[in-house]
*Asks:* 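First, the structure itself, so that you have it in front of you.
Here the structure is a predicted model, which means the values were calculated and not measured. The chain is numbered in sequence order, starting from 1.
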Amino acid sequence: SQATRMRVLMVTPRYLPLTGGVEMHVHEVARRLVQRGADVTILTTDTTGLLPTCEVQTGVQIMRVRAWPKDRDYYFAPAMLPIIARGHWDLVHIQSYHTLVAPLAMLAAFWAKIPYVVTFHGGGNSSGLRNALRGVQGLLLQPLLARSARLVAVAQFEIALYSRRLHLPPEHFVIIPNGSDLGNKAPALQLRGPGTLIASIGRLERYKGHQRIIAALPKVLEQRPDARLRIVGTGPYGAELKRLALAYGVAGRVEIGGIPPGERGAMAVLMQEAALVTLMSDYETHPIAVLEAVALRRSVLVADTSGLSELAERGLARSVSLTSSDEQVANAILAQLRQPLVPPALDLPTWDDCAMGLWDLYHSVTEIPLCVS
């Protein structure tokens with residue numbers, strides 16, 4: 001007899017064509033869960049009203065509802081409530097907790113008596129106030145997070161952090177790391193462009209720290225006059241980064257722009273060309289771009305904070321303090337260029353592993369007998 005196709009609703013503030021770590025994560029796991037036999041719908045927001053309200057991509061149903069305000073990332077989307085509460089879902093999976101989407105989705109699932117799980121996707125924020133309020137936010141969400149079937153961490157340090165902050169036992173958490181499959185898309189050839197390429201990868205937000213590399217670049221160029229910086233990403237901070245490059249007199253050495261999410265091969269080529277991959281972010285949980293660089297055995301320099309520190313402690317990257325001067329950052333870059341720390345060949349988790357972890361979690365939470373299609 002044909003087993004039930006589990007109906008999973010993934011709720012996330014943003015989704016493709018918008019890009020970022022969470023968007024990439026949801027895209028990679030949703031289509032793999034469909035291949036395994038789940039019926040997956042992504043419920044997300046649109047602050048513009050310009051994106052399709054309903055579409056199907058790689059077997060995944062995508063529903064978008066309007067969110068307000070247009071120019072802020074609060075994502076207040078009340079139209080999500082009836083979709084969640086009346087949708088006959090077997091499970092609701094809330095991806096990322098730091099907008100107004102998460103409490104709305106948890107409330108709706110709780111009212112409708114649908115089991116729900118939450119993946120934190122901690123991440124940083126360019127607003128100091130928002131970061132300061134994270135602890136308060138956690139306390140306000142605590143009753144809803146405590147009622148979840150499980151809380152999903154993508155990095156080990158998150159379990160201790162959230163367990164303490166939310167007063168929940170570690171057993172309430174499950175760890176399912178992000179995948180890093182870019183190595184499978186990398187060309188066999190290493191085609192190095194002219195000069196020493198430094199890549200800084202991440203959304204163009206202040207907290208991602210691209211400006212720290214720009215500020216260090218004049219000192220780097222004194223010893224490496226062929227150095228050039230490629231900042232890979234899109235976002236609201238792009239104009240300011242261009243202004244900074246001009247102010248530091250390095251605009252001719254800095255290129256800023258994104259690579260579309262569908263062009264993973266182009267990202268692999270760029271990383272292969274880079275002599276150094278950097279991420280000077282204030283806060284990262286389990287940064288996909290850095291993991292992909294490690295999987296490609298690239299030399300990596302990160303800020304000594306959160307999930308980035310964990311990578312440095314494992315000997316996969318070198319780290320530099322967030323309070324370092326421009327000169328100290330430059331010296332750390334030069335040291336990595338002179339004597340690169342090349343990560344060992346690692347068996348890192350793939351997106352298939354990540355989807356399998358979620359498949360097992362969904363099965364255990366819903367107790368629906370599943371057949372692998």
Side-chain angles (χ1 to χ4, degrees), residues 20-22 24-25 28 96 119-125 152-162 173-184 186 197-203 205 207-210 212-213 216 230-233 264 267-268 270-272 274-324 328-329 331-351 353-354 357:
V22 180
M24 186 56 63
H25 175 104
E28 295 288 357
S96 99
T119 303
F120 292 105
H121 297 293
N125 195 282
V152 183
V154 296
Q156 196 63 50
F157 84 94
E158 282 191 304
I159 295 182
L161 174 74
Y162 289 115
F173 298 79
V174 57
I175 182 158
I176 303 175
N178 285 321
S180 47
D181 294 11
L182 207 55
N184 310 344
L197 177 63
I198 300 164
S200 183
I201 299 175
R203 258 179 67 71
E205 297 264 9
Y207 83 89
K208 288 289 189 182
H210 299 296
R212 295 183 173 114
I213 306 295
R230 174 74 165 89
I231 296 176
V232 187
R264 306 300 287 149
M267 181 67 97
L270 178 85
M271 286 216 197
Q272 287 280 34
L276 179 64
V277 175
T278 66
L279 184 55
M280 289 288 126
S281 182
D282 293 346
Y283 189 99
E284 295 290 330
T285 309
H286 199 238
I288 294 170
V290 172
L291 286 167
E292 289 173 338
V294 167
L296 288 169
R297 305 195 65 201
R298 309 317 299 149
S299 169
V300 178
L301 180 70
V302 295
D304 190 5
T305 174
S306 53
L308 297 172
S309 304
E310 204 172 284
L311 294 171
E313 283 157 17
R314 290 171 61 194
L316 304 179
R318 285 211 176 100
S319 64
V320 60
S321 166
L322 275 174
T323 57
S324 301
Q328 286 168 321
V329 174
N331 288 338
I333 290 169
L334 289 163
Q336 270 289 61
L337 292 174
R338 269 196 307 274
Q339 285 185 305
L341 170 77
V342 178
L346 280 182
D347 193 11
L348 288 169
T350 63
W351 286 116
D353 296 332
C354 185

*Asks:* Taking side chain to side chain donor-acceptor pair (under 3.5 Å) as the test, write out the residues that go with Gln328, two or more places apart.
*Replies:* Ser325

*Asks:* Starting at CG of Leu308, measure out to CD of Glu313 and round the result to the nearest 0.5 Å.
*Replies:* 11.0 Å

*Asks:* Taking atom CD1 of Ile201 and atom OG1 of Thr278, what is their separation to the nearest 0.5 Å?
*Replies:* 8.0 Å

*Asks:* What's the separation between atom CZ in Arg212 and atom CG in Leu322, rounded to the nearest 0.5 Å?
*Replies:* 5.0 Å

*Asks:* Apply side-chain contact (heavy atoms from CB on, under 4.5 Å) to Ala312 and list each qualifying residue two or more places apart in sequence or on a separate chain.
*Replies:* Ser319

*Asks:* My understanding is that only residues two or more places apart in sequence, or in another chain, count here; which of them pass side chain to side chain donor-acceptor pair (under 3.5 Å) with Asn331?
*Replies:* none

*Asks:* Nearest 0.5 Å, what's the OG-NE2 distance between Ser96 and His25?
*Replies:* 10.5 Å

*Asks:* If every non-hydrogen atom of Leu296 is compared with every non-hydrogen atom of Ala268, which pair is closest and at what distance?
*Replies:* CD1-O, 4.2 Å

*Asks:* Considering all heavy atoms of both residues, which atom of Gln339 and which atom of Arg318 are nearest to each other, and what is their separation?
*Replies:* O-NH1, 3.0 Å

*Asks:* Is the ring pair Tyr162/Phe120 parallel, tilted or perpendicular, if the boundaries are 30 and 60 degrees?
*Replies:* parallel

*Asks:* Test of understanding: with side chain to side chain donor-acceptor pair (under 3.5 Å), list the residues that count as partners of Arg297, not counting sequence neighbours.
*Replies:* none

*Asks:* Find out whether Leu301 and Ile198 are in side-chain contact, i.e. whether some heavy atom of one side chain is under 4.5 Å from a heavy atom of the other.
*Replies:* no

*Asks:* Test of understanding: with side-chain contact (heavy atoms from CB on, under 4.5 Å), list the residues that count as partners of Ser299, not counting sequence neighbours.
*Replies:* Leu276, Gln336, Pro340

*Asks:* Can you sort out the partners of Gln156 under side-chain contact (heavy atoms from CB on, under 4.5 Å), two or more places apart, ordered by chain and number?
*Replies:* Ile159, Ile175, Glu310

*Asks:* Determine, stepwise, if the pair Val294 / Val277 fulfils side chain to side chain contact (heavy atoms under 4.5 Å, CB included).
*Replies:* CA-CA 9 Å; Val294 167; Val277 175; over 6 Å; no

*Asks:* Once rounded to the nearest 0.5 Å, what's the spacing between atom CG of Leu334 and atom CG of Leu337?
*Replies:* 6.0 Å

*Asks:* Contact between Leu316 and Pro344 at the side-chain level, heavy atoms closer than 4.5 Å - yes or no?
*Replies:* yes

*Asks:* Do we see a donor-acceptor contact under 3.5 Å between the side chains of Ser321 and Asp304?
*Replies:* no

*Asks:* What are the two closest non-hydrogen atoms of His121 and Glu158, and how far apart are they?
*Replies:* N-OE2, 4.4 Å

*Asks:* Could you work out, with side-chain contact (heavy atoms from CB on, under 4.5 Å) as the rule, every residue matching Ala317, not counting sequence neighbours?
*Replies:* Val300, Val302

*Asks:* If only atom types and distance count, is the side chain of Arg298 paired as donor or acceptor with the main-chain N or O of Ala274 below 3.5 Å?
*Replies:* yes

*Asks:* Looking at Asp282, is its backbone amide N or carbonyl O close enough to the side chain of Thr305 to form a donor-acceptor pair, meaning the two atoms are under 3.5 Å apart?
*Replies:* yes

*Asks:* Could you check whether any side-chain N or O of His210 sits under 3.5 Å from a backbone N or O of Gly202, counting only pairs where one atom can act as donor and the other as acceptor?
*Replies:* yes

*Asks:* Who are the salt bridge (Lys or Arg N to Asp or Glu O under 4.0 Å) partners of Arg230, not counting sequence neighbours?
*Replies:* Glu255

*Asks:* On a heavy-atom basis, which atom in Ile176 and which in Cys354 lie closest, and how many Å separate them?
*Replies:* CG2-O, 3.6 Å

*Asks:* If every non-hydrogen atom of Thr350 is compared with every non-hydrogen atom of Asp353, which pair is closest and at what distance?
*Replies:* N-OD2, 2.9 Å

*Asks:* State, with a plain yes or no, whether a side-chain heavy atom of Ile231 is found less than 4.5 Å away from one of Ile213.
*Replies:* no

*Asks:* Please list, chain by chain and in numerical order, all residues satisfying side chain to side chain donor-acceptor pair (under 3.5 Å) with Thr119, sequence neighbours excluded.
*Replies:* His93

